[in-house]
Q: 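Pasting in a structure now, in structure tokens, and then I'll have a few things to ask.
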Amino acid sequence: MASDPKIQTFEEVAKHNKTKDCWLIISGKVYDVTPFMDDHPGGDEVLLSATGKDATNDFEDVGHSDSARDMMEKYYIGDIDASTVPLKRAYIPPQQPTYNQDKTPEFVIKILQFLVPLLILGLAFAVRHYTKKE
């Protein structure tokens with residue numbers, strides 16, 4: 001648990017909505033879950049979707065185990081200033097890297113994985129054919 005818990009404003013917490021910087025508000029407390037993003041059983045998308053709002057309902061609806069609740073203590077960084085939390089907030093999707101629609105690097109790798117063995121096989125046949133004694 002944080003040795004010096006701090007009162008955080010909603011605006012400050014809402015800024016931390018990326019994979020490499022993720023804070024959540026659960027039951028009036030603020031948690032920096034950035035180190036837990038890769039280890040979360042539901043994936044980092046679940047945590048990112050809970051940023052920028054009070055995630056208490058999202059957390060409670062899942063029915064987390066007692067060990068998960070105990071684990072939260074090490075990510076606790078402070079409390080939320082309840083007067084700064086809006087009653088209703090428009091959803092702002094978290095910033096994520098742009099999606100590579102054509103997947104060019106993956107496509108090139110797959111083509112090369114197919115063509116390189118064929119090229120080696122063709123080269124082996126050519127060498128065998130031209131070096132063969134009649």
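What's counted below: heavy atoms across the whole structure, side chains too, no hydrogens, waters or symmetry copies.
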Q: Please enumerate all residues that pass side-chain contact (heavy atoms from CB on, under 4.5 Å) together with Pro117, with sequence neighbours excluded.
A: none
Q: Working to the nearest 0.5 Å, report the span between NZ of Lys20 and OG1 of Thr34.
A: 9.5 Å
Q: Report yes if some heavy atom in the side chain of Leu47 is under 4.5 Å from a heavy atom in the side chain of Met37; otherwise report no.
A: yes
Q: Tell me, do Val30 and Asp79 make a side-chain contact under 4.5 Å, heavy atoms counted?
A: no
Q: Between the side chains of His16 and Glu12, does any donor sit under 3.5 Å from an acceptor?
A: yes
Q: For Asp21, which residues count as a salt bridge (Lys or Arg N to Asp or Glu O under 4.0 Å) partner, sequence neighbours excluded?
A: none
Q: How many angstroms lie between atom CG of Leu48 and atom NE2 of His40, to the nearest 0.5 angstrom?
A: 10.5 Å
Q: Between Thr84 and Phe10, is there a donor-acceptor pair closer than 3.5 Å when you use the side chain of the first and the backbone of the second?
A: yes
Q: For Thr51 and Cys22, which heavy atoms make the closest approach, and how far apart are they?
A: CG2-SG, 3.5 Å
Q: Rounded to the nearest 0.5 Å, how far apart are CD1 of Ile120 and CZ of Phe125?
A: 13.0 Å
Q: Tell me, please, which residues at least two apart from Glu11 pass salt bridge (Lys or Arg N to Asp or Glu O under 4.0 Å).
A: none
Q: Please list, chain by chain and in numerical order, all residues satisfying side-chain contact (heavy atoms from CB on, under 4.5 Å) with Met72, sequence neighbours excluded.
A: Ile26, Tyr31, Phe59
Q: Quick one: side-chain contact (heavy atoms from CB on, under 4.5 Å) partners of Ala82, sequence neighbours excluded?
A: none
Q: Applying side-chain hydrogen bond (donor to acceptor under 3.5 Å, both in side chains), can you list everything that pairs with Ser65, at least two apart in sequence or on another chain?
A: Ser67
Q: Can you measure from CG (Asp58) to NE2 (His64) and round to the nearest 0.5 angstrom?
A: 9.5 Å
Q: Does Asp38, at its CG atom, have more than 12 non-hydrogen atoms belonging to other residues, nucleotides or ligands within less than 6.0 Å?
A: no
Q: Do you reckon Tyr130 sits in the same ILVMFWY cluster as Leu123, going by side-chain contacts under 4.5 Å, direct or chained?
A: no
Q: Give, for atom CG of Asp39 and atom CE of Met71, the distance between the pair rounded to the nearest 0.5 Å.
A: 8.5 Å
Q: Applying side-chain hydrogen bond (donor to acceptor under 3.5 Å, both in side chains), name anything that partners Asp44, two or more places apart in sequence or on another chain.
A: none
Q: I'd like to know if Glu73 and Lys29 make a salt bridge, using a cut-off of under 4.0 Å between side-chain N and carboxylate O.
A: no
Q: Show your reasoning for whether side-chain contact (heavy atoms from CB on, under 4.5 Å) applies to Val33 and Trp23.
A: CA-CA 6 Å; Val33 295; Trp23 290 12; over 6 Å; no
Q: Let me check something: do Phe114 and Ile111 share a hydrophobic cluster, defined by ILVMFWY side-chain heavy atoms less than 4.5 Å apart, either directly or through other members?
A: yes
Q: Rounded to the nearest 0.5 Å, how far does CG of Asp66 lie from CG of Asp70?
A: 6.5 Å
Q: Among residues at least two apart in sequence or on other chains, which ones pass side-chain contact (heavy atoms from CB on, under 4.5 Å) with Asp54?
A: Ile25, Thr56
Q: Restricting to salt bridge (Lys or Arg N to Asp or Glu O under 4.0 Å), what partner residues turn up for Lys110, sequence neighbours left out?
A: none
Q: Using a side-chain heavy atom cutoff under 4.5 Å and only I, L, V, M, F, W and Y, what cluster partners does Val46 have?
A: none
Q: Hydrophobic side-chain clustering at under 4.5 Å (ILVMFWY, transitive links): who's grouped with Val62? Put none if nobody.
A: none
